[in-house]
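Working notes, beginning with the structure itself.
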Amino acid sequence: MSDAKKDLRQTGLGKAFFVGFLLVCMILFLALGFWQMDRLQWKEQLIASANERLNAERSEVPDQSQWATLDPDRFDFQKVSLTGEFLECCEARVFISLPKKRDRYSGPGYWIVTPFQLEEGGVVYVNRGFAPQEMTLPDAEYAQAPKGKQELQGYMRRPERVGSATLEPDLAKQVDWVINPARLQNVMFPELENVAPFYVNLSSPVASDLPQAASDAALDFSNRHLEYAFTWFGLAALMPILAIFWLIRTRRPRQELAKSKSEE
């Protein structure tokens, strides 16, 4: 280290700058910790609300007249029944990599998302379940949607978010990366009309037609906010320790320099 840098480090201005920097870092880490605590409370409320809806009585899927006013925070995971028939066109394969072993399958594959024409009018996309990659492309080796009138049961889900990092769909293979009914209608299947702003994870009676049902896999909530909060709070607590250690280290050279000058 050059003499100029040593002098700067040992000056009052240099000390004030560095201690101020550590103080700013401590405040930032504390803010991030409290933000994670807020996120923890939100996630726990989300889980409790979802479990409450899953344990509530099943209702008929909302009709078209209600779709414009639906609140995702209120309908997500609501158990519903729906009557109608699957459409032969406009089925999408939505890529997913299941993170852990579920039944026989995990790893890369596709949610098979099929449009369902409601008896009362309107189209709801139904996630029929999971098919592993080797059964999906280039040829669909999984069971096709049953024909004729069906009475289904499942639960409503909010559309998955489309972000700036979301890849464009592969129109030739009918592959997308999120289950978002509006995106499926507008980008992949513009011929569809009156598509619901939600989709339904199928639980019965034909969920078993695919290698793996959609219902259980969608109920896994990641909740590590408390862990993240402790990490940020730990970093915040480290900042004053670093400041004290640095002040002690910088004080010794100055004392030695003053001693050597007095001896001269």
Side-chain angles (χ1 to χ4, degrees), residues 50 61 67 72 75-78 80 82 84 86-118 122-146 150 152-204 206-222:
V61 70
W67 290 354
F75 72 66
D76 207 17
F77 291 101
Q78 174 64 48
V80 293
L82 51 166
F86 286 105
L87 300 179
E88 295 184 3
C89 73
C90 311
E91 181 174 85
R93 306 176 180 100
V94 178
F95 181 81
I96 181 70
S97 183
L98 295 185
K100 59 184 178 180
K101 198 74 175 177
R102 304 193 66 89
D103 299 330
R104 294 172 53 198
Y105 297 100
S106 63
Y110 298 87
W111 295 130
I112 308 303
V113 185
T114 309
F116 187 79
Q117 178 70 55
L118 295 175
V123 175
V124 173
Y125 264 102
V126 173
N127 179 9
R128 295 197 292 124
F130 174 82
Q133 199 167 42
E134 61 270 17
M135 293 181 60
T136 309
L137 296 173
D139 298 317
E141 299 178 8
Y142 53 83
Q144 299 302 304
Q150 307 288 324
L152 307 180
Q153 293 182 353
Y155 55 89
M156 299 168 64
R157 289 304 322 272
R158 67 169 70 223
E160 295 181 347
R161 188 175 64 89
V162 179
S164 58
T166 305
L167 299 175
E168 291 298 317
D170 186 333
L171 301 181
K173 296 179 180 179
Q174 295 184 322
V175 168
D176 207 346
W177 310 97
V178 291
I179 307 180
N180 186 294
R183 173 176 158 112
L184 291 176
Q185 178 187 13
N186 296 331
V187 179
M188 295 187 68
F189 308 112
E191 63 269 30
L192 281 181
E193 297 181 353
N194 300 324
V195 175
F198 56 86
Y199 68 95
V200 171
N201 270 351
L202 184 62
S203 54
S204 67
V206 292
S208 59
D209 290 350
L210 289 176
Q212 200 156 299
S215 55
D216 292 337
L219 297 181
D220 290 335
F221 287 94
S222 175

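From a predicted model like this one, the values you see are computed outputs, not experimental measurements. Reckoned from all heavy atoms, side chains included, excluding hydrogens, waters and symmetry mates.
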Does [X] reach the side chain of [Y], with side-chain heavy atoms less than 4.5 Å apart?
| X | Y | answer |
| --- | --- | --- |
| L118 | V124 | yes |
| Q153 | L202 | no |
| I112 | N127 | no |
| V175 | T136 | no |
| L137 | K173 | yes |
| F130 | Y142 | no |
| Y125 | L192 | yes |

Rounded to the nearest 0.5 Å, how far apart are [atom1] of [X] and [atom2] of [Y]?
| X | Y | atom1 | atom2 | result |
| --- | --- | --- | --- | --- |
| Y199 | M156 | OH | CE | 11.5 Å |
| L167 | W177 | CG | CH2 | 5.5 Å |
| D170 | F95 | CG | CZ | 13.0 Å |
| I179 | R158 | CD1 | CZ | 14.0 Å |
| R128 | T114 | CZ | OG1 | 4.0 Å |

Return the minimal non-hydrogen interatomic distance between [X] and [Y], and the atom names on each side.
| X | Y | answer |
| --- | --- | --- |
| P159 | P197 | CG-O, 3.1 Å |
| V187 | L171 | O-CD2, 3.8 Å |
| C90 | P115 | O-CD, 3.3 Å |
| E91 | Q174 | O-OE1, 3.3 Å |
| L184 | A92 | CD2-CB, 3.8 Å |
| G122 | Q117 | O-NE2, 3.1 Å |

Legend entry - The single option from V123, N180, V195, N194 passing side-chain contact (heavy atoms from CB on, under 4.5 Å) against Q185: V195

Legend entry - CA sep, side-chain torsions, deciding dist, call: D76, Q78, side-chain contact (heavy atoms from CB on, under 4.5 Å): CA-CA 6 Å; D76 207 17; Q78 174 64 48; over 6 Å; no

Legend entry - Enclosure of Q133 CD (heavy-atom neighbours >12, cutoff 6.0 Å): yes

Legend entry - More than 12 heavy atoms from other groups under 6.0 Å of CD on E134: yes

Inset, instruction - Show the numbers, then the answer: is there a side-chain contact (heavy atoms from CB on, under 4.5 Å) between F86 and Q150? - result: CA-CA 8 Å; F86 286 105; Q150 307 288 324; 4.3 Å; yes

Legend entry - R93 and D176 ion-paired at < 4.0 Å: no

Inset, instruction - For T166 and R183, run side-chain contact (heavy atoms from CB on, under 4.5 Å): C-alpha distance rounded to whole Å, both residues' side-chain angles, the deciding distance at 0.1 Å, then the answer. - result: CA-CA 12 Å; T166 305; R183 173 176 158 112; 4.0 Å; yes

Inset, instruction - Taking the six-membered ring of F198 (Phe, Tyr or Trp), confirm whether the NZ or CZ of R157 is under 6.0 Å from its centre and within 45° of its axis. - result: no

